[in-house]
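Accompanying notes for the structure given below.
Values below: all heavy atoms of this structure, side chains included; hydrogens, waters and symmetry mates excluded. All values derive from a computational prediction rather than experimental measurement.
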Amino acid sequence: SCERKPSLECRSKNIEKLTGFDRLNQVRECNAKYQMFSLMLDDTQTATSVDTSDSVFPDLPYTHPARPYALNLKELGIINGYTDGRFGTYNNFTRAEMVKVAIGLMGVDVNMNMDIDSPFPDVDPKNPDIKWQATYISLAKELGIVNGYENGNFGPNDPVKKAEAAKILFGAIGFTPEKANNISLDFTDISGVSWAKPYLQFGVEKGIIPNSSSYEPTKPITRADAI
């Protein structure tokens with residue numbers, strides 16, 4: 001099992017070699033009782049694990065329920081936080097940041113120096129400050145994980161909404177709508193996001209999303225929610 005020491009020894013399970021749902025399951029195991037995705041897709045859940053290292057992400061105290069998840073993802077090399085060392089606990093999680101996490105969970109090797117032709121006019125690969133956005137978003141588009149907005153843009157800095165997060169994450173582990181089982185959903189607030197229904201059915205089937213009366217699909221999520 002994954003011991004919860006300050007270094008979070010998830011790498012000992014060779015998680016880097018896993019892909020798809022196997023990788024997701026191992027990440028969930030390393031996070032003890034609850035899934036990292038639960039805070040992202042169901043903000044009523046909390047973590048029970050406690051980390052004792054305070055030097056990483058000083059704005060995310062060890063008493064915060066998201067802290068063990070954030071440290072786990074950092075240990076896996078999936079997130080780094082801001083350049084000043086902060087995590088940005090209550091800042092909005094952006095669509096570009098969500099794509100980066102999803103690609104990281106896939107275990108795909110990303111060449112940050114490769115030349116890119118961006119599939120979206122609002123994602124500029126020539127801007128060195130956001131080159132990482134273009135790299136991950138272009139790869140996600142190539143892999144069929146994202147399509148962007150109807151107007152052709154991607155909105156990399158827009159806050160990611162809960163339904164969008166479900167689509168990106170489950171797409172990253174190989175789920176496609178035609179694979180959905182016809183599971184009855186109790187959500188009464190998803191009529192405006194019919195495209196998200198198969199992703200939510202998958203999440204409910206796998207025990208990641210609880211089948212409750214409200215899902216709030218258009219609710220933006222914070223960086224703490226997302227992790």
Let's go through Val56 and Lys74 carefully: what are the C-alpha distance in whole Å and the side-chain angles of both, what is the deciding distance for side-chain contact (heavy atoms from CB on, under 4.5 Å) to 0.1 Å, and is it a yes or a no? CA-CA 9 Å; Val56 180; Lys74 181 174 176 58; 3.5 Å; yes
Could you label the plane-to-plane angle of the Phe175 and Tyr199 rings as parallel, tilted or perpendicular, counting under 30° as parallel and over 60° as perpendicular? perpendicular
Ring-plane angle category for Phe170 and Phe202, please: parallel below 30°, perpendicular beyond 60°, tilted otherwise. perpendicular
Is the cationic atom of Lys162 (NZ for Lys, CZ for Arg) positioned less than 6.0 Å from the six-membered ring centroid of Tyr215 and within 45 degrees of its normal? yes
Using a 6.0 Å distance limit plus a 45 degree cone around the ring axis, check whether Arg67 lies over the aromatic ring of Phe87. no
Any Lys/Arg nitrogen of Lys161 or Glu216 sitting under 4.0 Å from an Asp/Glu carboxylate oxygen of the other? no
Do Asp84 and Arg86 meet the salt-bridge criterion of a basic N to acidic O distance under 4.0 Å? yes
Locate the shortest heavy-atom distance separating [X] from [Y]; write the atom from each residue and the value.
| X | Y | value |
| --- | --- | --- |
| Ile221 | Ala165 | CD1-CB, 4.2 Å |
| Asp122 | Gly155 | OD2-N, 2.7 Å |
| Val146 | Lys167 | CA-NZ, 4.4 Å |

Under a 3.5 Å threshold, yes or no: a donor from one side chain and an acceptor from the other, between Asp59 and Tyr90? no
State, without any angle test, whether Asn127 and Gln133 hold a side-chain donor-acceptor pair at a distance under 3.5 Å. no
Is [X] linked to [Y] within one hydrophobic cluster, defined over Ile, Leu, Val, Met, Phe, Trp and Tyr using a side-chain heavy-atom separation of less than 4.5 Å?
| X | Y | result |
| --- | --- | --- |
| Ile145 | Trp132 | yes |
| Val110 | Met98 | yes |
| Ile116 | Phe154 | no |
| Tyr82 | Ile79 | no |
| Tyr149 | Phe93 | no |

Heavy-atom distance under 4.5 Å between the side chains of [X] and [Y], does that happen here?
| X | Y | result |
| --- | --- | --- |
| Ser118 | Val123 | yes |
| Ile137 | Pro156 | yes |
| Asn182 | Gln201 | yes |
| Ile173 | Met106 | no |
| Asp124 | Ile130 | yes |
| Leu73 | Leu105 | yes |

Taking atom [atom1] as the centre, does [X] end up with more than 12 heavy-atom neighbours from other residues, nucleotides or ligands that are less than 6.0 angstrom away?
| X | atom1 | answer |
| --- | --- | --- |
| Lys197 | NZ | no |
| Asn111 | CG | yes |
| Glu178 | CD | yes |

Would you please test Thr94 and Asn157 for side-chain hydrogen bond (donor to acceptor under 3.5 Å, both in side chains) and show each step? CA-CA 5 Å; Thr94 68; Asn157 297 314; 5.1 Å; no
From Asn91 CG over to Thr222 OG1, what is the distance, rounded to the nearest 0.5 angstrom? 8.5 Å
Can you tell me how far apart CG (Leu185) and CD (Glu205) are? Round to the nearest 0.5 Å. 11.0 Å
